[in-house]
> 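Please see the structure below; I have some questions.
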Amino acid sequence: MAPDMATVELSFSALPEHVRTARLIVTAVARRSGVAEVLLDEVRLAVGEACSRAVEAHRRHCPDEPVQLELTADGDRRFEVIVSDTVPGEDLDGVPAASSPTGRDAWTDGTTLSGPLGGGPGALGLAVISGLADEVVISSTRKGMQIRMSWPTGS
Amino acid sequence: MDLKVNDYTTDDGLTVINVEGEIDVYTAPKLREKLIDLVNKGKFHLLVDMEKVEFLDSTGLGVLVGGLKRVRAHDGSLELVCTQERILKIFRITGLTKVFGIHNSIEEAQENRKSQK
């Protein structure tokens with residue numbers, strides 16, 4: 001790693017109450033890394049969405065496995081957040097093919113959205129991330145899903 | 001942070017739900033339970049005051065949409081009071097500004113309701 005790269009790694013149990021902690025830590029590191037104040041709300045919300053999705057996926061498939069975050073600031077250019085889960089081969093909306101009592105229905109009171117975002121809360125969360133992050137790359141592999149988001153730093 | 005959810009019903013039958021704190025994957029169930037409880041008690045015209053909401057994510061949006069679906073099944077309504085740009089932004093990104101009536105104040109929502117009667 002180059003000397004000017006600052007990386008913070010965070011690992012937390014897949015529990016909803018830890019998502020707020022993750023949001024606070026990421027926002028603090030983003031501010032320290034030089035992300036503009038006006039963008040911090042977007043960082044907070046996008047990272048919260050990614051962590052919520054990962055926590056829900058872990059709770060259904062591997063509740064004992066932690067959710068991983070990696071925060072990297074590369075000098076005066078980008079602040080990057082990578083949220084990784086260890087749920088292999090999920091669809092991009094974060095909902096497995098087989099339904100479960102703690103899945104989509106439990107999450108939104110049995111309600112699904114109609115219209116352009118009709119794809120359940122997982123899809124809604126990803127739509128929010130796409131709308132907020134300056135750059136987003138979502139990759140799903142056998143090891144799990146990785147959401148890579150970044151924002152510019154420096155003024 | 002705990003989510004505070006309180007409600008009262010006005011003389012004209014509008015139930016105002018004051019929400020204070022952060023609505024996310026951890027706290028959203030509390031709001032969902034409140035909405036379900038109110039509908040079960042026959043309160044079908046709801047106004048959620050979001051002015052003291054500090055954070056809202058898609059889980060919270062899902063709960064509000066769920067509440068809207070429930071009251072509409074009884075020919076009711078679920079509208080919002082929100083002037084905070086940081087909260088309005090998530091409604092705009094998701095296109096939900098077209099789904100929810102969003103007002104600047106409780107008084108404005110009441111006036112709007114009277115004019116529609």
Side-chain angles (χ1 to χ4, degrees), chain A residues 12 14-24 27 37-59 67 93-94 102 104-133, chain B residues 1-3 5 20-40 46 48 50 53-74 76 78 82 84-100:
Chain A
F12 66 91
L15 296 170
E17 52 263 51
H18 293 328
V19 172
R20 179 172 187 263
T21 306
R23 285 199 307 267
L24 293 173
T27 306
E37 285 290 325
V38 293
L39 295 178
L40 291 178
D41 272 344
E42 301 182 4
V43 173
R44 179 174 17 242
L45 184 51
V47 170
E49 294 290 351
C51 291
S52 299
R53 196 212 62 80
V55 165
E56 289 297 328
H58 274 225
R59 289 176 80 194
V67 173
D93 71 355
T102 55
R104 175 185 297 183
D105 286 353
W107 204 16
T108 61
D109 187 28
T111 301
T112 54
L113 300 175
S114 58
L117 287 169
L124 186 59
L126 291 179
V128 171
I129 292 169
S130 300
L132 292 175
Chain B
M1 175 181 280
D2 201 16
L3 184 73
V5 183
E20 185 175 344
E22 300 187 355
I23 309 175
D24 70 356
V25 66
Y26 179 53
T27 60
K30 187 170 183 178
L31 177 59
R32 179 169 57 223
E33 285 165 16
K34 170 61 76 176
L35 296 178
I36 291 172
D37 182 50
L38 288 170
V39 172
N40 287 343
L46 309 180
V48 181
M50 312 274 291
V53 172
E54 294 161 14
F55 180 86
L56 174 74
D57 71 4
S58 64
T59 319
L61 290 178
V63 168
L64 292 172
V65 172
L68 181 63
K69 186 179 176 185
R70 281 178 179 269
V71 294
R72 278 189 177 169
H74 299 278
L78 188 154
C82 183
Q84 297 188 76
E85 186 55 35
R86 67 199 298 192
I87 304 294
L88 289 169
K89 188 172 190 173
I90 187 170
F91 284 98
R92 276 200 290 270
I93 287 171
T94 53
L96 289 173
T97 46
K98 296 171 185 168
V99 176
F100 291 103

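Keep in mind it's a predicted model, so treat the numbers as computed, not measured. Hydrogens, waters and symmetry mates are skipped; everything else that's a heavy atom, side chains included, is used. Residue numbering restarts at 1 for every chain, and letters A, B, ... go by the order of the sequence lines.
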> So for A:Arg23, is it side chain, backbone, both, or neither that comes closer than 4.5 Å to the heavy atoms of chain B?
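The answer is the side chain of A:Arg23.
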> Return the OG to CG distance between A:Ser52 and B:Asp24, rounded to the nearest 0.5 Å.
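A:Ser52 OG to B:Asp24 CG: 6.0 Å, rounded to 0.5 Å.
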> Roughly how far, to the nearest 0.5 Å, is the CG atom of A:Asp41 from the CZ atom of B:Phe55?
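Answer for the CZ-CG pair, B:Phe55 versus A:Asp41, is 9.0 Å.
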> Begin from the C-alpha positions of B:Ile90 and A:Glu49 and carry the test side-chain contact (heavy atoms from CB on, under 4.5 Å) through to its verdict.
CA-CA 12 Å; B:Ile90 187 170; A:Glu49 294 290 351; 4.2 Å; yes
> Measure the CG-CG distance between A:Leu124 and B:Leu61 for me, rounded to the nearest 0.5 Å.
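That separation rounds to 5.5 Å.
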> Counting only N and O atoms by type, is there a donor-acceptor contact under 3.5 Å from the side chain of B:Glu22 to the main-chain atoms of A:Arg20?
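Absent.
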> Go through B:Asp57 and A:Val128 one step at a time and tell me if the side-chain contact (heavy atoms from CB on, under 4.5 Å) criterion holds.
CA-CA 9 Å; B:Asp57 71 4; A:Val128 171; over 6 Å; no
> B:Arg86 vs A:Glu42, test: side-chain contact (heavy atoms from CB on, under 4.5 Å). Steps then yes/no.
CA-CA 9 Å; B:Arg86 67 199 298 192; A:Glu42 301 182 4; over 6 Å; no
> Starting at OG of B:Ser58, measure out to CG of A:Leu45 and round the result to the nearest 0.5 Å.
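Output value for this atom pair is 8.0 Å.
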> Which region of B:Leu56, side chain (C-beta onward) or backbone (N, CA, C, O), has a non-hydrogen atom less than 4.5 Å from a non-hydrogen atom of chain A, or is it both or neither?
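Contact with chain A involves the backbone of B:Leu56 alone.
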> Give, as side chain, backbone, both or neither, the part of B:Lys89 having an atom under 4.5 angstrom from any heavy atom of chain A.
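The side chain, not the backbone.
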